[in-house]
Amino acid sequence: MAIRYGVSRQTIYAWKAKHEAGGLDGLKERSRRPHNSPNRLPAAAEALACEMRRANPRWGARRIAYEIARTGIPAAPSRATVHRALERNGLIRHQKQQHRRKYKRWQRETPMHLWQMDLVGGIFLSAGRECKMLTGIDDHSRSVVVSTVLAVPSGRAVADAFVRAMRVYGVPAEVLTDNGKQFTGRFTKPRPAEVLFERVCRENGITAKLIKPYSPTTTGKIERWHQTLRRELLDVAGAFADLPAAQAAVDAWVHTYNTAHPHQALKMAAPASLFRPNPQPEPTTVVPVRAPDAEPELVAEPQPAALLMAGTGPAMEFETIVTASGHVGVLPRIQRVRLSNDHAGRKVRVWVDELTIHISLDGEVLKSAASRLDADNLRELSMRGAVKAGPPPAAPAVVQRGRLEPGAVIEVDRNVDGSGIARLGSTPVKIGYELANRRVTLRLDGHLMHVVHDAVLAKTLPAPIESDQRANLRGARLAAEELPPPVVGAIRVERKVPVDGVIMVARQRLRVGRTYAGETVTIHVEDTYFRITLNDAELALHPRKNRNPVTRFRAKIHAPKL
């Protein structure tokens with residue numbers, strides 16, 4: 001019979017015994033569940049886990065297990081037990097498994113060693129304005145050290161907030177930021193410049209580190225904190241009444257985050273438990289450099305991020321390696337000096353000022369050449385590690401016959417055509433639509449060209465021609481006067497509001513509102529925002545999202561269709 005039904009002999013005897021004991025009902029399948037499960041999660045703990053999940057949908061099994069353990073329940077469940085309980089009660093939504101990228105994780109050994117800093121938006125006021133917040137987090141403890149809401153995220157406002165944070169917690173050893181213009185001037189046009197934030201770091205002995213472009217994962221700690229900030233505060237709070245109310249709400253939430261929020265990367269410890277302030281001297285307060293004889297400002301305006309460069313600079317010295325082709329890069333994009341290939345790979349010392357370059361090897365001058373660098377280039381060299389030089393090691397370089405002396409500044413007068421273009425010899429130079437059909441003075445100074453109109457510095461552009469070609473320009477003359485001051489205040493443009501209430505300035509869409517359709521509004525173009533006014537009344541304030549130039553200044557008034 002066992003062969004007939006395809007089972008073992010023991011199974012046949014077991015069926016026979018069950019039939020003799022209970023008839024046909026005895027052959028029914030019975031539950032194998034044990035009568036008692038001492039290791040089963042207590043009903044009270046399972047109910048508490050489900051209630052925590054419903055009240056806090058963003059809490060995972062690890063956070064819920066931690067919170068249950070804090071309540072004092074004996075034999076608190078593990079993370080896996082809580083996960084199974086949530087899954088059993090239908091409180092987990094399964095998602096398709098995604099293979100995440102593997103990142104190289106890192107962390108500083110002690111607090112106050114490194115601060116990660118960034119700017120985050122999404123803080124709205126009831127009036128419709130969007131504000132930004134300067135944020136900073138300690139890399140070791142994840143404690144939030146900077147959380148200042150800014151109406152206008154200018155370079156000056158960022159530097160002031162950074163200094164205020166250092167007065168509270170001390171001066172960190174390093175700061176890591178992205179490449180925003182409030183943090184670095186490495187992408188400033190036409191040449192790099194030092195911004196206020198970088199000057200604060202330099203004067204306080206802080207190493208300012210920058211991430212690689214398009215690499216936000218380097219500052220992943222503060223980016224992840226921004227996600228928590230949005231989910232737990234900004235998405236719930238909505239629009240704030242005013243700026244002080246927004247700052248008060250952020251301060252209260254940050255205090256709770258630092259002192260009572262368990263952090264998974266810290267083994268569920270609160271950030272404040274690992275953070276230790278650094279009792280260091282008072283941080284240096286940076287005051288922007290003002291041009292000599294400048295009039296005091298009567299109205300507070302956002303300060304530009306870049307510092308004013310000095311008119312002249314002292315000689316600089318630095319060491320560099322001769323390239324395989326035998327060149328020495330003084331400032332590679334400006335000037336390189338050719339040496340013999342025999343010196344390739346050798347370390348030489350460069351002495352440079354605005355007139356001469358001396359290259360020495362083991363105390364012997366190898367070559368002297370005329371310098372193409374100006375005072376701003378020397379300042380850039382100092383930012384790259386060059387130091388102030390002593391006396392020159394040799395006599396100045398001999399200027400070639402028929403060429404202008406290095407540092408000579410010449411001026412030419414030119415008419416700008418209707419397309420905003422002027423000509424220097426055979427080279428067309430785009431001046432800009434705002435100066436079309438005007439006569440301007442082009443002042444060629446080093447590697448810069450200043451455009452002067454009506455005794456006002458209209459703009460500064462890169463010089464389109466080399467120094468040795470300037471003496472042959474038509475109408476060229478040596479500059480006899482100082483460079484005039486730039487235009488004071490923001491650029492103003494006009495736009496007529498269309499039916500949909502959206503205008504376009506510098507390739508950016510700005511919403512004014514359909515209420516003002518048909519009105520001609522004035523837009524004040526600043527470095528970081530656009531301010532829209534009508535009859536001197538402010539209508540809206542929009543952050544500037546690009547650096548595109550303004551090419552149209554007047555509103556287009558179309559003639560009515562017949």
Side-chain angles (χ1 to χ4, degrees), residues 117-119 153-156 158-159 162 174-215 218 286 288-291 302-320 327-337 350 352-354 357 371-389 406-407 444-451 457 459-464 466-467 483 486 527-528 544 546-549:
M117 299 185 66
D118 198 3
L119 283 167
S154 62
R156 181 65 191 180
V158 168
F162 183 37
E174 298 176 347
V175 171
L176 178 64
T177 65
D178 58 16
N179 296 279
K181 61 182 179 297
Q182 293 90 348
F183 299 118
T184 179
R186 63 185 295 186
F187 299 115
T188 303
K189 301 299 182 181
R191 63 187 61 213
E194 185 183 48
V195 300
L196 287 175
F197 184 86
E198 292 175 313
R199 181 176 172 184
V200 170
C201 294
R202 174 171 56 83
E203 296 189 355
N204 287 278
I206 304 172
T207 302
K209 294 180 174 292
L210 300 173
I211 67 174
K212 293 174 59 177
Y214 310 107
S215 301
T218 307
V286 174
V289 178
R290 304 182 66 88
Q303 297 292 339
L307 298 174
L308 296 177
M309 295 298 183
T312 59
M316 307 301 297
E317 274 186 315
F318 63 94
E319 292 183 345
T320 186
H327 287 84
V328 175
V330 182
L331 199 57
R333 74 175 191 280
I334 304 296
Q335 186 174 6
R336 297 194 305 167
V337 179
V350 181
V352 57
D353 64 2
E354 298 179 63
I357 297 175
S371 174
R372 299 179 188 172
L373 277 64
D374 56 16
D376 292 341
N377 299 140
L378 297 177
R379 176 60 182 270
E380 183 180 348
L381 286 177
S382 68
M383 294 167 59
R384 295 188 175 194
V387 298
K388 290 185 179 180
L444 298 169
D445 184 358
H447 287 266
L448 296 178
M449 182 180 71
H450 305 287
V451 183
L457 177 60
K459 59 173 56 179
T460 300
L461 304 171
E466 298 295 335
S467 301
L483 186 67
D527 288 338
T528 57
R544 190 170 182 178
N546 57 54
R547 302 299 301 168
N548 295 327

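Heavy atoms only: backbone and side chains are in, while hydrogens, waters and symmetry mates are out. Not measured: the values here are computed from a predicted model.
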| remark: Of all heavy-atom pairs linking F197 and A159, the shortest is N-CB, 4.4 Å

| task | Could you tell me which non-hydrogen atom of L378 sits nearest to which non-hydrogen atom of P314, and how far apart they are? | result | CD1-O, 3.5 Å

| Is any side-chain heavy atom of Q182 less than 4.5 Å from a side-chain heavy atom of P153? | yes

| Is there a side chain to side chain contact (heavy atoms under 4.5 Å, CB included) between N179 and F187 once you walk through the steps? | CA-CA 8 Å; N179 296 279; F187 299 115; 3.7 Å; yes

| query | Going by heavy atoms in the side chains, are I206 and F162 under 4.5 Å from each other? | reply | yes

| request: For residues L119 and F183, determine if any side-chain heavy atom of one lies less than 4.5 Å from a side-chain heavy atom of the other. | output: yes

| query | Is there side-chain contact between L210 and D178, with heavy atoms separated by less than 4.5 Å? | reply | no

| remark: CG of N377 to OG of S382, rounded to nearest 0.5 Å, is 11.0 Å

| task | Return the set of residues passing side chain to side chain donor-acceptor pair (under 3.5 Å) with T184 (not counting sequence neighbours), or none when no residue passes. | result | E198

| Within-4.5 Å side-chain heavy-atom neighbours: E194 and R379 | yes

| request: Examine distances only and state if a side-chain atom of Q335 and a backbone atom of R372 form a donor-acceptor pair shorter than 3.5 Å. | output: yes

| query | Under 3.5 Å, side chain of E354 to main-chain N/O of L373, donor-acceptor pair present? | reply | no

| L444 and M449: which non-hydrogen atoms are nearest, and at how many Å? | CD2-CG, 3.6 Å

| Which heavy-atom pair separates M383 from A193 by the least distance, and what is that distance? | CE-C, 3.9 Å

| query | Does the T207 side chain pair with the main chain of E174, one donor and one acceptor, at a distance under 3.5 Å? | reply | no

| Atom pair CG (L381) and CG (D376), whose distance is rounded to the nearest 0.5 Å | 11.0 Å

| task | Give the intermediate values and the outcome of side chain to side chain contact (heavy atoms under 4.5 Å, CB included) for residues E317 and V350. | result | CA-CA 6 Å; E317 274 186 315; V350 181; over 6 Å; no

| Partner residues of E380 under the salt bridge (charged side-chain N to carboxylate O under 4.0 Å, His left out) criterion, sequence neighbours left out | R333, R384

| message | Within the 4.5 Å heavy-atom criterion, are V330 and R336 side-chain neighbours or not? | response | no

| Inter-residue atom distance L483.CG - L457.CG, 0.5 Å rounding | 5.0 Å

| query | Do M316 and D353 have side chains that get closer than 4.5 Å, going by heavy atoms? | reply | no

| message | Can you confirm whether I334 sits close enough to D374 that some side-chain heavy atom of one is under 4.5 Å from a side-chain heavy atom of the other? | response | no

| C201 SG to K209 NZ distance, which is reported to the nearest 0.5 Å | 12.0 Å

| Which atom pair, heavy atoms only, marks the closest approach of K181 to V195? | O-CG1, 3.8 Å

| request: Can you sort out the partners of R544 under side chain to side chain donor-acceptor pair (under 3.5 Å), two or more places apart, ordered by chain and number? | output: none

